[in-house]
Peer 1: 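Below is one structure. I have some questions about it.
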Amino acid sequence: MSKFRTFLKKEFNNKNTSQNKFAQSLGISSYYLGQLLKGEKSPPDRNLQIRISEELELKKKKKNQYFDLIAKEREDIPTDIYMKILNNPDKWDEIRKFMKKEIK
């Protein structure tokens with residue numbers, strides 16, 4: 001069982017809402033949400049990841065855990081970090097300098 005699926009299922013159950021209502025609030029089908037909850041689908045794209053975290057009203061620590069679990073499963077960087085980098089192009093050179101230090 002994937003750690004992402006376990007996390008998502010637990011947080012969804014804590015939300016205390018129906019699968020249909022939750023899926024509707026996300027703009028996805030209940031069937032697709034069911035597949036995510038059962039682990040039949042891999043973690044969703046970045047936009048849906050963000051919408052799910054907002055609908056679940058995850059606090060910072062849980063949100064970080066959520067994005068980290070997805071990133072590990074997708075072999076990607078966490079969406080919150082990706083979005084921060086994407087939305088701050090003025091920091092790209094700083095990040096490159098950091099990367100050069102890490103390579104040496």
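Just so you know, these numbers come straight off a predicted model, no measurement behind them.
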Peer 1: Crowded around K15 NZ? As in, over 12 foreign heavy atoms under 6.0 Å?
Peer 2: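 Counting neighbours around NZ of K15, more than 12 heavy atoms of other residues, nucleotides or ligands fall under 6.0 Å, so yes.
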Peer 1: Hey, is the main chain of E40 close enough, under 3.5 Å, to the side chain of Q35 for a donor-acceptor pair?
Peer 2: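 Checked: no pair found.
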Peer 1: Roughly how far, to the nearest 0.5 Å, is the CD atom of E11 from the CD atom of E55?
Peer 2: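 Going from the CD atom of E55 to the CD atom of E11 covers 13.5 Å.
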Peer 1: With rounding to the nearest 0.5 Å, note down the distance linking CZ in F4 to NZ in K72.
Peer 2: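 Here the interatomic distance stands at 14.0 Å.
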Peer 1: Contact between K63 and D80 at the side-chain level, heavy atoms closer than 4.5 Å - yes or no?
Peer 2: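 Side-chain contact under 4.5 Å: no.
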Peer 1: For F7, which of I70, D68, L69 qualifies under side chain to side chain contact (heavy atoms under 4.5 Å, CB included)?
Peer 2: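 So, applying the side chain to side chain contact (heavy atoms under 4.5 Å, CB included) to F7 and each of I70, D68, L69, only L69 qualifies.
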Peer 1: Check this for me: D90, atom CG, are more than 12 non-hydrogen atoms of other residues, nucleotides or ligands nearer than 6.0 Å?
Peer 2: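 Yes, CG of D90 has more than 12 neighbouring heavy atoms, counting only those of other groups under 6.0 Å.
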Peer 1: Evaluate the criterion side-chain contact (heavy atoms from CB on, under 4.5 Å) for residue pair N14 and K10; output intermediate values, then yes/no.
Peer 2: CA-CA 6 Å; N14 289 341; K10 179 181 176 194; 4.1 Å; yes
Peer 1: Please report the interatomic distance CG(L36) to CZ(R5), rounded to the nearest 0.5 Å.
Peer 2: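 Going from CG on L36 over to CZ on R5, the span is 11.0 Å.
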Peer 1: Measure across I77 and R46 and return the closest heavy-atom pair with its distance rounded to 0.1 Å.
Peer 2: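 Between these two residues, the closest heavy atoms are O-NH1, 3.4 Å.
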Peer 1: What distance do L56 atom CG and E54 atom CD have between them, rounded to the nearest 0.5 Å?
Peer 2: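 Answer for the CG-CD pair, L56 versus E54, is 10.5 Å.
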Peer 1: Minimum heavy-atom separation for N88 and K84, please, with both atom names.
Peer 2: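 Heavy-atom minimum between the residues: ND2-O, 2.7 Å.
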Peer 1: Can you tell me if E73 has over 12 outside heavy atoms packed within less than 6.0 Å of its CD?
Peer 2: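 Result for CD/E73: enclosed.
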Peer 1: Of all residues at least two apart in sequence or in a different chain, which pass the side-chain hydrogen bond (donor to acceptor under 3.5 Å, both in side chains) check with R74?
Peer 2: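 In terms of side-chain hydrogen bond (donor to acceptor under 3.5 Å, both in side chains), with neighbours along the sequence ignored, R74 is linked to no residue.
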Peer 1: Does the side-chain contact (heavy atoms from CB on, under 4.5 Å) test come out yes or no for Y66 and Q49, once each step is laid out?
Peer 2: CA-CA 9 Å; Y66 166 78; Q49 289 175 36; 3.9 Å; yes
Peer 1: With a sphere of 6.0 Å drawn around OH of Y82, does it hold more than 12 non-hydrogen atoms of other residues, nucleotides or ligands?
Peer 2: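 Not more than 12 within 6.0 Å, no.
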Peer 1: Assess the residue pair R51 and I28 against the criterion (side-chain contact (heavy atoms from CB on, under 4.5 Å)); give the C-alpha distance rounded to whole Å, side-chain angles, the decisive distance to 0.1 Å, and a yes or no.
Peer 2: CA-CA 11 Å; R51 290 197 319 266; I28 61 173; 4.1 Å; yes
Peer 1: Any chain of hydrophobic side-chain contacts (each under 4.5 Å) joining Y31 to L48?
Peer 2: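 They do not share one cluster, since no chain of ILVMFWY contacts under 4.5 Å joins Y31 to L48.
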Peer 1: I need the F67 CZ to D76 CG distance, nearest 0.5 Å.
Peer 2: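 Nearest 0.5 Å value for the CZ-CG distance: 12.0 Å.
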Peer 1: Going through the distances and angles, do F12 and I52 end up as a side-chain contact (heavy atoms from CB on, under 4.5 Å)?
Peer 2: CA-CA 9 Å; F12 170 74; I52 290 172; over 6 Å; no
Peer 1: Please report the interatomic distance OG1(T17) to CD(Q19), rounded to the nearest 0.5 Å.
Peer 2: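 Output value for this atom pair is 10.0 Å.
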